[in-house]
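These figures come from a predicted structure and were not determined experimentally.
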Amino acid sequence: MDIKRVQSWLNGELLQREWMKKQYKLMGLIGVLVFIYIACGYGSMKQQRYLSDLKKEVKDAKMEYLTISAKRVEQTRQSTISAALLNNNSKVKQNREPVLYIPNYE
């Protein structure tokens, strides 16, 4: 590479040439497009982080729901209710007879 060529690049002679003066608008457009491209990249990264956080939140909520649901099933189990009634000396007694089923004739 020639030293004069490097000097022309460094001192700005290249930017003063006629064909380069005609391309200023194109260079400006390319600069704007590069800026938009970088901004969109950062925006998509931000959105990916947000979606990742939402997925984690949904997973945590699902685990909490399963825990609460399991506790509720345990508390409403007939054996648990019977044991609680016996421990509290409640006057409520468990029905030992089967429930009478009345069919619906339409």
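Under the side-chain contact (heavy atoms from CB on, under 4.5 Å) criterion, L29 pairs with L33, sequence neighbours left out. Taking the side-chain hydrogen bond (donor to acceptor under 3.5 Å, both in side chains) definition, one finds that D60 meets it with nothing, sequence neighbours left out. Take V34 and apply the side-chain contact (heavy atoms from CB on, under 4.5 Å) test, not counting sequence neighbours, and it matches I30, I38. In this structure, the side-chain contact (heavy atoms from CB on, under 4.5 Å) partners of E97, at least two apart in sequence or on a different chain, are N95. Taking E74 as the reference, R77 meet the salt bridge (charged side-chain N to carboxylate O under 4.0 Å, His left out) condition, with sequence neighbours excluded.
Listed for the T67 side chain is a donor-acceptor partner under 3.5 Å among the backbone atoms of M63. Checked by atom type and distance alone, the side chain of T76 pairs as donor or acceptor with a backbone atom of R72 at under 3.5 Å.
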Should E57 and D53 be marked as a side-chain contact (heavy atoms from CB on, under 4.5 Å) after you check the CA-CA gap, both sets of side-chain angles, and the distance that decides it? CA-CA 6 Å; E57 235 178 272; D53 292 344; 5.5 Å; no

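The number of heavy atoms from other shown groups lying within 6.0 Å of OH (Y24) is above 12.
Through direct or indirect side-chain contacts shorter than 4.5 Å among Ile, Leu, Val, Met, Phe, Trp and Tyr, Y101 is connected to no other residue.
Q47 contributes atom CD, which lies 10.5 Å from atom CG of L54 (distance to the nearest 0.5 angstrom).
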